[in-house]
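Side chains are part of it too, since the values below use all heavy atoms of this structure and drop only hydrogens, waters and symmetry mates. Letters A, B, ... mirror the listed sequences (proteins, then strands); counts begin at 1.
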Amino acid sequence: MVALVVVSHSRALARAALGLAEQMLTTRRPPIELAAGLDEQTYGTDATAIAAAITVADAASEGDGVVVLTDLGSAVLSADLALELLDDGLRERVVLSPGPLVEGLVMAAVTAATGADLTRVAAVAADALMPKQAALGRRTPSAGQDDLS
Amino acid sequence: MTDSGEGHAAPPDPATDEEAGEIRAADLGRWLREFARLVRANRDLLTALDSAIGDADHGLNLDRGMTAVVIELDAAPRISSPATLLRTAGMTLVRTVGGASGPLYGTLLMRMAAACSAPTLSAEELAIGLRAGLDGVTARGRARPGEKTLLDALEPACAALDSALAEGTSLGVALHAARAAADAGRDATTAMVARKGRASYLGERSVGHQDPGATSMALLVTAAATSLGEPADSATAGAPGSD
């Protein structure tokens with residue numbers, strides 16, 4: 001089963017996101033590892049911790065692959081660096097998702113639980129904002145102050 | 001918490017006299033210790049700059065990381081190869097900084113390590129290493145100069161170092177040229193619109209603020225100029241190249 005890794009600046013945020021996903025995982029669940037925060041209180045990301053989490057997740061996935069969900073900023077940079085710290089063979093089975101952390105994690109977890117392959121799980125995570133966008137439309141005001149005032 | 005470690009970095013090594021001008025692991029250690037000292041001294045400035053256009057943690061994060069690097073250097077005083085020292089420092093930053101400067105400065109030092117395999121480095125090899133670090137940071141951040149990032153200090157520093165060495169100047173003179181270029185690049189970020197990182201969320205409102213990453217990068221180059229610009233053995237206060 002495809003495994004997931006949650007990368008966040010905040011350990012509490014990662015746990016809460018996992019809890020939200022676990023609500024949907026009643027019978028089968030994919031392996032999910034967290035790499036978040038420098039410690040319980042300190043915001044930050046650590047590429048070596050991410051690489052370790054990916055390695056554990058990969059072992060649990062039995063070679064089916066790993067999708068990595070990140071929050072923002074240095075989470076992306078650290079995840080990118082973590083790929084360099086992995087063995088070559090493992091790196092090919094890892095996808096850094098451009099999807100949103102919470103929606104991406106929930107949808108990837110549900111999809112992985114069905115036994116979907118790495119390509120499918122990664123695609124679902126990347127498109128995880130689509131249901132919300134379909135519901136609300138994409139009425140994003142172009143960033144100028146005029147639209148916001 | 002002390003700032004110990006200055007002035008005592010060079011281990012007794014009779015071979016060094018024959019290799020004046022060569023850069024050893026211990027010299028790179030002095031460079032990183034000086035950077036740690038400058039980061040500590042400028043911690044509040046870096047954080048204040050980051051509070052204007054980011055998440056107000058750059059000084060704290062980098063100080064935590066460089067403090068950890070100094071502890072690593074103290075714990076392993078006999079690291080004898082430049083590559084090992086640079087890689088150790090880079091991995092320490094990756095583990096301890098937490099913010100974007102962790103993977104960015106970590107990548108810089110680890111790519112330098114990969115490019116600096118010789119037991120001692122010539123000035124040209126140091127410049128090649130720094131250039132490899134610049135390329136690594138550029139790829140990591142998918143950034144380029146002009147986007148209000150640390151590249152705006154690092155790229156001109158590399159260019160100035162390369163061109164000074166190509167003209168046959170001493171390492172000391174070349175590093176001081178690099179320092180001047182980094183400082184000018186740092187100052188130029190004030191007028192730039194941020195295109196990368198959290199500051200980019202502010203768009204035009206980022207104009208008028210000096211970039212914290214470029215500011216810390218200029219400190220790294222300053223530390224190189226003051227710690228590597230003159231041979232450790234003749235570390236008197238004299239101006240370099242004044243013969």
Side-chain angles (χ1 to χ4, degrees), chain A residues 5-14 34-56 68 70-88 91 94 96-98 100-101 140-149, chain B residues 50 53-58 60-65 67-68 72 87-88 90-111 113-114 133 136-143 149-151 193-206 212-213:
Chain A
V5 170
V6 182
V7 177
S8 171
H9 284 67
S10 159
R11 200 163 288 178
L13 175 58
L34 308 184
L38 290 190
D39 56 39
E40 287 295 327
Q41 276 83 37
T42 311
Y43 292 144
T45 59
D46 168 355
T48 63
I50 298 167
I54 291 172
T55 303
V56 171
V68 180
T70 59
D71 60 9
L72 67 169
S74 73
V76 181
L77 295 171
S78 289
D80 194 53
L81 175 53
L83 288 187
E84 283 184 26
L85 305 177
L86 300 173
D87 295 336
D88 288 344
R91 191 179 306 125
V94 180
L96 301 187
S97 176
L101 180 70
T140 46
S142 59
Q145 282 92 341
D146 293 347
D147 297 311
L148 300 174
S149 60
Chain B
D50 198 27
I53 57 172
D55 49 357
D57 62 6
H58 186 54
L60 291 169
N61 284 348
L62 203 52
D63 181 46
R64 179 172 56 229
T67 299
E72 283 289 322
R87 189 174 303 110
T88 299
M91 286 297 286
T92 302
L93 290 179
V94 162
R95 283 202 325 271
T96 57
V97 167
S101 46
L104 292 174
Y105 277 91
T107 296
L108 171 66
L109 294 177
M110 286 156 64
R111 292 293 173 86
V137 174
T138 301
R140 178 79 60 226
R142 295 163 176 89
T149 72
L150 50 77
L151 288 179
V193 178
R195 301 288 184 203
K196 292 288 181 232
R198 295 194 197 198
S200 66
Y201 302 167
L202 298 176
E204 297 287 339
R205 281 183 291 148
S206 63

[X] versus chain A, the contacting section by heavy-atom distance below 4.5 Å:
| X | answer |
| --- | --- |
| R198(B) | side chain |
| T96(B) | backbone |
| L93(B) | neither |

Positions in residues 77-85 of chain A that reach chain B, provided some heavy atom is under 4.5 Å away: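 L77(A), S78(A), D80(A), L81(A), E84(A), L85(A), listed by number.
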For [X], which residues count as a salt bridge (Lys or Arg N to Asp or Glu O under 4.0 Å) partner, sequence neighbours excluded?
| X | answer |
| --- | --- |
| D63(B) | R40(B), R43(B) |
| D88(A) | R91(A) |
| R87(B) | none |

Can you find a side-chain donor-acceptor pair between H9(A) and T45(A) that sits under 3.5 Å?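 No donor-acceptor contact under 3.5 Å links the two side chains.
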Contacting region of A47(A) [heavy-atom separation from chain B under 4.5 Å]: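 Contact with chain B: backbone and side chain both.
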N61(B) side chain to G98(B) backbone, donor-acceptor under 3.5 Å: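 No: the side chain of N61(B) does not pair with the backbone of G98(B).
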Can any side-chain N or O of D39(A) pair as donor or acceptor with the backbone N or O of T42(A) at less than 3.5 Å?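 Yes, because the side chain of D39(A) sits within donor-acceptor range (under 3.5 Å) of the backbone of T42(A).
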For D55(B) and D57(B), which heavy atoms make the closest approach, and how far apart are they?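 What the structure gives for the nearest pair is OD1-OD1, 3.0 Å.
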For I50(A), run the side chain to side chain contact (heavy atoms under 4.5 Å, CB included) check against V7(A), L96(A), T55(A), L34(A) and tell me which one passes.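 It is V7(A); the other options fail the test.
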